[in-house]
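In what follows, a structure is listed as structure tokens, so that the remarks can point back to it.
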Amino acid sequence: MSAGAVAPVELAVADAAAVLDTAREVVLLAHVDPDADALGSALALGIALHRRGARVQVAFASPERVPESLAPLDALGLLVPPAEVNPAPQVLVSCDAADPGRLGSLGGLLDTAGRTVMLDHHATNPGFGDVRVLDPRAEATVVLAHRVLVAMGVPLDAEVARCLYAGLVTDTRGFRTAGPGAHRLAAELVEAGAEPAALTRALMDSHPFAWFEGLCAALERAVLEPSGLLYTTIPLADVRRYRSEEIDSVVDVLRTAVEAEVVASVMQVGERRWRVSLRSAGRVDVAAVAAALGGGGHRMAAGFTREGTEQEVLAAIRAALPA
Ligand code: AMP
Ligand code: MN
Ligand code: MN
């Protein structure tokens, strides 16, 4: 790029800010099974737009209820169930969804909305929407949401800062993968009122005591294969018994095994349906593995959902791993 040229992502940020600046009616979507980055991005932008007088709805297609640990981020009550979402909003914003399929049953709004803005940081994102703020170098989608807010001239307040911090601290696993820019942003968010200790405790460090039994069972079932694949399966009964916060945390325990090259948490979400979280120790690009199996993600963390028996899903993972 020649000196002085503006990076395409910066142009997209300016375009997104221009669209949102004049929007009167905005729907902001997080991906299915929303995490703090998806919901934090949607709510941070939603709160800011609501305060500027726009009619704002924030939603995700499934599950029915917002994860308990994320509910406090919705300080203004902007979340609505899918059935109540305006079917043809003036502006639609997709947050942290690697492809339209990740919006689930709400993906159709991409076709019915007047303008669509996509904010994402997944390397596997093929690009969609009228305005595409897509930056795989961003540690989290909230980093991009923050850039849009800056371009709009919106000052940070405590509620917006809390949403942005939630996405930043979780997607970087407590700043382990954060670059200097993300650390600077964190400082700004704390100055604006985000409370690191309270947020990290609620988002990353709390489980009911009863979960220890489920975690023990998951670890007891863990298998380390000679290839360096370490996996465990979580049966449907446990997926239903415990909160998503507990089920999703298993992969973070698995990844601490020094022998593992790739870890997989294979969660049964229907009789023949499996949601799989993949993590890499560094050598294997799990985004490519997940993409080959119908999902996507990042080099070090990715996922997919697939039909079949447990053995079929495990065989598919083995087959998709590089030799
Ligand atoms: P998870 O294992 O659910 O924490 O997801 C790890 C990363 O992969 C996150 O960035 C997800 O957004 C992404 N991811 C998970 N499942 C999918 C999928 N089916 N399609 C695209 N990206 C996914
Ligand atoms: Mn996400
Ligand atoms: Mn993310």
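Numbering of ligands and ligand atoms starts at 1, following listing order.
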Q: Can you tell me, to 10 degrees, how wide the angle at the Mn ion (ligand 2) is between OD2 on Asp96 and NE2 on His31?
A: 90°

Q) Regarding Thr172 and Glu139, is there a side-chain donor-to-acceptor distance under 3.5 Å anywhere? A) no

Q. Does the pair Asp99/Arg102 count as a salt bridge with the N-to-O cut at 4.0 Å?
A. no

(Q) When you measure from the Mn ion (ligand 3) to the N, O or S atoms of His122, does any of those distances fall below 2.8 Å? (A) no

(Q) Between Glu261 and Val284 (side chain of the first, backbone of the second, donor and acceptor by atom type, cut-off under 3.5 Å), is there such a pair? (A) no

(Q) Below 30° counts as parallel, above 60° as perpendicular, anything between as tilted: where do the rings of His122 and His298 land? (A) parallel

(Q) Please check: side-chain N/O of Glu25 versus main-chain N/O of Gln90, any donor-acceptor pairing under 3.5 Å? (A) yes

Q: Could you tell me whether the side chain of Asp37 and the main chain of Val142 form a donor-acceptor pair under 3.5 Å?
A: yes

Q) Name the residues with a heavy atom less than 4.0 Å from ligand 1? A) Ala98, Arg102, His122, Arg275, Ser277, Arg279, Gly295, Gly296, Gly297, His298, Ala301, Ala302, Gly303, Phe304

Q: Answer yes or no for Asp171: is there an N/O/S atom below the 2.8 Å cut-off from the Mn ion (ligand 3)?
A: yes

When the side chains of residues 5-15 are checked against the rest of the protein, which donor-acceptor pairs come out under 3.5 Å, sequence neighbours left out?
none

Q: Looking only at N, O or S atoms, find the one in Asp37 nearest to the Mn ion (ligand 3) and name it.
A: OD2

Q) Any sub-3.5 Å donor-acceptor pair from Asn125's side-chain atoms to Ala97's backbone N or O? A) yes

**Q.** N, O or S from Asp35 under 2.8 Å to the Mn ion (ligand 3)
**A.** no

